[in-house]
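Heads up: the structure comes next, in structure tokens.
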Amino acid sequence: MVEKIGFFTQQYNYNTIQNTERKKQVQNIGNSEHAVPSFTAQAKKDVQFNSAATPPQNINLRTSLTTKEEKEKYTEVSANLSKSGKKIINTLLKNGILLNNNSNDKSSVLDNLYKIIKEPRAEGLNAKSILNDTLTTIAYPYLITQQFGDIPEEYKDTVIKANNADKTNLIDIYQGALDVNVEHSGTCVAASTEFKLANQMPAEFARFAQEVSSPQLSVEKTIKMNNLADDTLSSIWLLNSFEIPWETTDLNTAKLKFAPDKNAIIRARIQTTHKDPAERTPLDVLMQSTFMQIGSQQSYNSLTDKRTGKFNQNDKGLIEFEKTFTESVVFDKNILSVTYQTVDENARLIGYETDLATMKKHLITALNEGEDVIIGYTQTDNNNIIVNGHEITIVGYRTGENGKTIFICNDTDDNIYKPIEYSEDYILPKIHHAALPKHIVENDMNIVPNWIEGLSMYKQMKNAA
């Protein structure tokens, strides 16, 4: 089944593309499907790779436990791991990841793993399961998937009742019972954000994992206001428009509160006891719900994988503007969404905002600077009408035998638990947008800042109402 994307002011929902053409273009690299390989096994000598597991050589890594507290935490966490888990945590220590503290509150990966096992988890979650999921995801983020799990018979009445809690119309109640049977998810933006966080900021990923699985089911993050917009009033408009709970003590920073939707815990509990191969972990459920909530103006429902919200007429996925806001607040960076494809009012691809060589230069520059680049790419029909959109992450590149660039990517919706490769001739013409630092593109293209685009969209929708 292929989801048709929504269309509003040339904004597309990036849900999922499932087609044989794409799969024919994919080359897999790495090891066995479900194994967690050594961190450099998939990296060839001519590959530029971004990964927290293979950090830049100029970073001063801590690879040994030096304090009594660290040793006690390591011992306690290890005691709750399987034999393979013990090997993974030892490898994380030797690679400098376990003591990495690139998080919002400067807590390390080890600090948060320790909290997961020593502090209470939300009702229905298993601390050892969350610990294992967090550890293995940081070790090998390619395990992340957006594949929803089925609902076992013993949970169906509970799930349907929860989904229909606020409904009174019989037709809505009937439809509500059908909507919980999710076949294909629209969480590719959220899953790609989860992947990027685990791959590039393991300590922050571990902090998110610890807090969203706690009884509070939420995580706080302090961000710089100027990473959202050029002026404070515009940043405030964005935070209020996306309905993010926030507070501030000055004009430069804001403390935000992120949380999964109220029904995410139901899905997470099901996955705790009934996870099948190739389905999301309970942690995936909570993380992806949190990011969907951020982007959809707090309107996501994990039971149906649908959303409402003021910026989107489609009930699946996130549009480009919503995705950019989500990345900006999660990573606390001034991220620009660079639109490369030119699309007319009939959703027809009619050209590009710049040549493909410039697009390629932008991507490679960002990768060389250590950025994973989340892109939205499109699929067109025989008339060049865009019919699908999907979000994936470019994590590296290499030069092919013909001198062409091969981009190494992660796709959370392909059931392939390792990096995949796309040739530049295949992927570049399909890229609709990419999330890139401003300085990389500002001399080549005239980019409209995220908040200006969003305000314009909001005014258009209000006038059309």
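Being a predicted model, the structure only gives us computed values, none of them experimental.
Of all the heavy atoms in Val373 and Ala366, the pair that sits closest is CG2-CB, 3.7 Å. Closest approach of Asn95 to Thr63, counting heavy atoms only: C-CG2, 4.5 Å. For the pair Leu81 and Lys86, the tightest heavy-atom approach, listed with the atom from each and the gap, is O-NZ, 2.7 Å. Of all heavy-atom pairs between Leu367 and Val395, the closest is CD2-C, 3.8 Å. In plain terms, the two heavy atoms of Gln341 and Thr339 that are nearest each other are O-CG2, 3.5 Å. Here the shortest heavy-atom pairing between Ile138 and Ala206 reads CD1-CB, 3.9 Å.
A salt bridge between Glu76 and Lys71 is absent, with no side-chain N of the basic residue lying under 4.0 Å from a carboxylate O of the acidic one. One finds no salt bridge joining Lys257 and Glu247 here, because no Lys/Arg side-chain nitrogen approaches an Asp/Glu carboxylate oxygen to under 4.0 Å. Lys73 and Asp111 are joined by a salt bridge, as a carboxylate oxygen and a charged side-chain nitrogen come within less than 4.0 angstrom of each other.
Remark: side-chain polar atoms of Ser192 are paired, donor with acceptor, to backbone N or O of Cys188 under 3.5 angstrom. With hydrogens and angles ignored, the 3.5 Å screen pairs a side-chain donor or acceptor of Gln297 with a backbone N or O of Lys310. Side-chain atoms of Asn240 never come within 3.5 Å of backbone atoms of Glu243 as a donor-acceptor pair (strictly under, hydrogens ignored). Checking side-chain atoms of Asp261 against main-chain N and O of Ser302 turns up a donor-acceptor pair under 3.5 Å. Side-chain atoms of Asp332 come within 3.5 Å of backbone N or O of Lys224 as a donor-acceptor pair. A donor-acceptor pair is defined here as one N or O able to donate and one able to accept, closer than 3.5 Å; such a pair exists between the side chain of Ser296 and the backbone of Ser299. In terms of modelled atom types and a separation under 3.5 Å, the side chain of Arg62 and the main chain of Gly96 share no donor-acceptor contact. Distance alone, capped at 3.5 Å, places no donor-acceptor pair between the Gln293 side chain and the Ser289 backbone.
The local environment of CD1 in Ile171 is sparse, with at most 12 non-hydrogen atoms from other residues, nucleotides or ligands closer than 6.0 Å. In Leu251, the CG atom is not crowded: 12 or fewer heavy atoms of neighbouring residues, nucleotides or ligands sit closer than 6.0 Å. More than 12 heavy atoms of other residues, nucleotides or ligands lie within 6.0 Å of CD in Glu119, so this atom counts as buried by the packing criterion.
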Stepwise, does the side-chain hydrogen bond (donor to acceptor under 3.5 Å, both in side chains) test hold for Asp105 with Ser103? CA-CA 6 Å; Asp105 63 359; Ser103 66; 3.1 Å; yes
Residue pair Arg267, Gln288: steps toward the side-chain hydrogen bond (donor to acceptor under 3.5 Å, both in side chains) verdict: CA-CA 11 Å; Arg267 285 270 184 198; Gln288 290 172 31; over 6 Å; no
Test Ser107 against Asn112 for side-chain hydrogen bond (donor to acceptor under 3.5 Å, both in side chains), laying out the working first. CA-CA 7 Å; Ser107 60; Asn112 288 292; 3.0 Å; yes
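Here the two rings, on His274 and Tyr155, have centers that are under 6.0 Å apart. Taking the six-membered ring for Trp, Phe195 and Tyr142 have ring centres closer than 6.0 Å. Between Tyr422 and Phe407, the gap from one ring centroid to the other reaches at least 6.0 Å.
Annotation: side-chain contact (heavy atoms from CB on, under 4.5 Å) contacts of Glu211 (sequence neighbours excluded): Arg207, Val219. Under the side chain to side chain donor-acceptor pair (under 3.5 Å) criterion, Thr168 pairs with no residue, sequence neighbours left out.
Defined by atom type and a distance below 3.5 Å, a donor-acceptor pair is present between the side-chain atoms of Ser214 and Gln216. With 3.5 Å as the limit, one finds no donor-acceptor pair spanning the side chains of Glu204 and Asn102. Checking Tyr397 against Asn368 by side-chain atom types alone, a donor-acceptor pair falls below 3.5 Å. Checking Asn163 against Asp179 by side-chain atom types alone, no donor-acceptor pair falls below 3.5 Å. With no hydrogens or angles considered, no side-chain donor-acceptor pair links Asp372 and Thr393 at under 3.5 Å. Using a 3.5 Å distance cut-off with no hydrogens or angles, the side chains of Asp305 and Ser185 do not pair a donor with an acceptor. Thr281 and Asp284 share a side-chain donor-acceptor pair at under 3.5 Å. Looking at Asn263 and Tyr300, their side chains never bring a donor and an acceptor atom within 3.5 Å of each other. For the residue pair Thr136 and Asp133, no side-chain donor N or O sits within less than 3.5 Å of a side-chain acceptor on the partner.
Residues in residues 152-171 take part in these salt bridge (charged side-chain N to carboxylate O under 4.0 Å, His left out) pairs, two or more places apart or across chains: Glu153-Lys156, Asp166-Lys262.
Results of the side-chain contact (heavy atoms from CB on, under 4.5 Å) test with Ile394 over Ile427, Asn410, Ile408, Ile375 single out Ile375 as the only residue that passes. Partner of Ser337 under the side chain to side chain donor-acceptor pair (under 3.5 Å) criterion, chosen from His432, His433, Glu320, Glu327: Glu320.
In this structure, Gln175 CD and Asn164 CG are separated by 10.0 Å, a value rounded to the nearest 0.5 Å. Glu194 CD to Thr145 OG1: the interatomic distance, rounded to the nearest 0.5 Å, is 9.5 Å.
The aromatic rings of Phe311 and Phe321 stand perpendicular to each other, their planes meeting at an angle above 60°, with 30° marking the opposite boundary.
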